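The structure appears right after this line, and notes come after that.
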Amino acid sequence: MLKHLTFNRSFKYSFWLRLRRAKFAPLRFIAAVMHRHLRFKYGVRIHADCEIGFGLYIGHPIGILVNHTARIGNNCNISQFTTIGSNYEQAAVIGDNVYIGPSVCIVEAVRVGNDATIGAGAIVVKNVPAGATVAGNPARVISMSEPGRYVVNRWPPRNRHS
């Protein structure tokens with residue numbers, strides 16, 4: 001864990017982001033200071049109040065913005081220069097095992113289904129069905145085969161003996 005906390009920027013950011021919700025006040029304060037430092041250092045703005053499931057993976061932590069009203073499911077992969085935002089009310093609800101490619105913009109209260117893949121540069125303004133691969137501006141379904149193929153190292157780990 002110390003190796004990842006020292007050398008892995010994605011893990012380091014996620015670690016301090018999660019500790020922002022600690023019940024122990026001194027730890028929460030230290031986490032807030034570290035989170036703020038890393039937010040400016042890497043250009044990643046994920047609000048501490050954002051609901052995020054287990055297994056969040058940030059591929060390249062640079063230029064990522066996530067609205068505080070967004071909900072992100074388990075095993076979500078977020079790539080660089082991604083925006084999940086809203087100008088008015090609720091931001092997007094992202095399902096489990098979702099891969100979000102680089103330079104994706106997910107706008108307003110859309111729902112992204114489980115095992116979906118959002119291609120690079122897509123602008124998502126409508127709901128994405130479960131298991132779909134979408135791409136383009138605006139994002140359109142281009143495939144329904146091989147859902148969730150880019151999400152590896154899922155949490156909880158699968159039992160290899162079953």
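A quick note: this is a predicted structure, and the numbers were derived from the prediction, not measured. When reading the values below, keep in mind they use all heavy atoms of this one structure, side chains included, and skip hydrogens, waters and symmetry mates.
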### Message
Please determine whether residues Ile64 and Trp16 belong to a single hydrophobic cluster, defined as Ile, Leu, Val, Met, Phe, Trp and Tyr linked transitively by side-chain heavy-atom distances below 4.5 Å.
### Response
yes

### Message
Do Phe40 and Arg45 make a side-chain contact, defined as non-hydrogen atoms from C-beta onward lying under 4.5 Å apart?
### Response
yes

### Summary
Interatomic distance, CD1@Ile118 vs OG@Ser103, rounded to 0.5 Å, equals 13.0 Å

### Donor-acceptor contact below 3.5 Å, side chain Asn74 vs main chain Phe54
yes

#### Entry: Pair His35 and Tyr13, ring centroids less than 6.0 Å apart
yes

#### Entry: Donor on one side chain, acceptor on other, Asn75 and Asn97, under 3.5 Å
yes

### Query
Measuring from Asn77:CG to Thr82:OG1, what's the distance to the nearest 0.5 Å?
11.0 Å

### Message
Show the nearest heavy-atom pair for residues Arg9 and Pro61, with the distance to one decimal.
### Response
CB-CG, 3.6 Å

#### Entry: N/O donor-acceptor pair under 3.5 Å between Arg21 side chain and Asp49 backbone
yes

### Task
Mind checking the CG-OG spacing from Leu56 to Ser14? Nearest 0.5 Å is all I need.
4.5 Å

### Message
Looking at Ala91, is its backbone amide N or carbonyl O close enough to the side chain of Thr69 to form a donor-acceptor pair, meaning the two atoms are under 3.5 Å apart?
### Response
yes

### Query
Is any side-chain heavy atom of Leu27 less than 4.5 Å from a side-chain heavy atom of Leu19?
yes

### Message
Given 3.5 Å as the limit, does a donor-acceptor pair link the side chain of Asn114 with the main chain of Asp96, or not?
### Response
yes

### Query
Is it true that a side-chain atom of Glu108 and a backbone atom of Asn87 form a donor plus acceptor pair closer than 3.5 Å?
yes

### Query
Counting only heavy atoms not in Tyr150, do more than 12 sit closer than 6.0 Å to its OH atom?
no

### Summary
Here the pair of heavy atoms bringing Arg28 nearest to Ala22 is NH1-O, 2.8 Å

### Message
If you define the side chain from C-beta out and look only at heavy atoms, does anything of Ile100 sit under 4.5 Å from Ile106?
### Response
yes

### Arg36 atom CZ, neighbour heavy-atom count above 12 within 6.0 Å
no

### Query
Does atom OH of Tyr57 have more than 12 heavy-atom neighbours from other groups under 6.0 Å away?
no

### Message
Could you measure the distance from the NE2 atom of His68 to the CD atom of Glu51? Nearest 0.5 Å is fine.
### Response
11.5 Å

### Summary
Looking only at heavy atoms, the pair that brings Met144 and Ala130 closest together is CE-O, 3.6 Å

### Message
Could you check whether atom CZ of Arg18 has more than 12 heavy atoms from other residues, nucleotides or ligands sitting under 6.0 Å from it?
### Response
yes

#### Entry: Non-hydrogen atoms of Cys50 and Ala70 that approach each other most closely
SG-O, 3.2 Å

### Message
I'd like to check Ile52 versus Leu17 (side-chain heavy atoms, cut-off strictly below 4.5 Å). Are they in contact?
### Response
yes

### In one Ile/Leu/Val/Met/Phe/Trp/Tyr side-chain cluster, 4.5 Å: Phe11, Ile58
yes

### Query
Which heavy atom in Asn127 sits nearest to a heavy atom in Ala109, and how many Å separate them?
OD1-O, 4.4 Å

### Spacing of Ile142 atom CD1 and Thr133 atom OG1 [to the nearest 0.5 Å]
6.0 Å

### Linked, directly or transitively: Val107 and Val124 (ILVMFWY side chains, under 4.5 Å)
no

### Message
Tell me whether Thr83 contacts the main-chain N or O of Gly85 through its side chain, where contact means a donor paired with an acceptor under 3.5 Å.
### Response
no

### Task
Flag yes if Val112 and Val141 sit in one hydrophobic cluster, no otherwise; membership is Ile, Leu, Val, Met, Phe, Trp, Tyr, and two members link when side-chain heavy atoms are under 4.5 Å apart.
yes

### Message
Is there a side chain to side chain contact (heavy atoms under 4.5 Å, CB included) between Leu38 and Lys12? Walk through the geometry before answering.
### Response
CA-CA 8 Å; Leu38 295 174; Lys12 186 186 312 185; 3.7 Å; yes

### Task
For residues Pro102 and Phe81, determine if any side-chain heavy atom of one lies less than 4.5 Å from a side-chain heavy atom of the other.
no

### Query
If we only count heavy atoms from C-beta on, is the Ser79 to Tyr99 side-chain gap below 4.5 Å?
yes

### Summary
Of all heavy-atom pairs linking Gly59 and Ser10, the shortest is O-OG, 3.7 Å

### Task
Give a yes or no on whether Ile72 and Tyr42 share a hydrophobic cluster (residues Ile, Leu, Val, Met, Phe, Trp, Tyr; joining criterion: side-chain heavy atoms under 4.5 Å apart).
yes

### Message
What I'd like to find out is whether the side chain of Thr117 reaches to under 4.5 Å of the side chain of Val134, using heavy atoms alone.
### Response
no

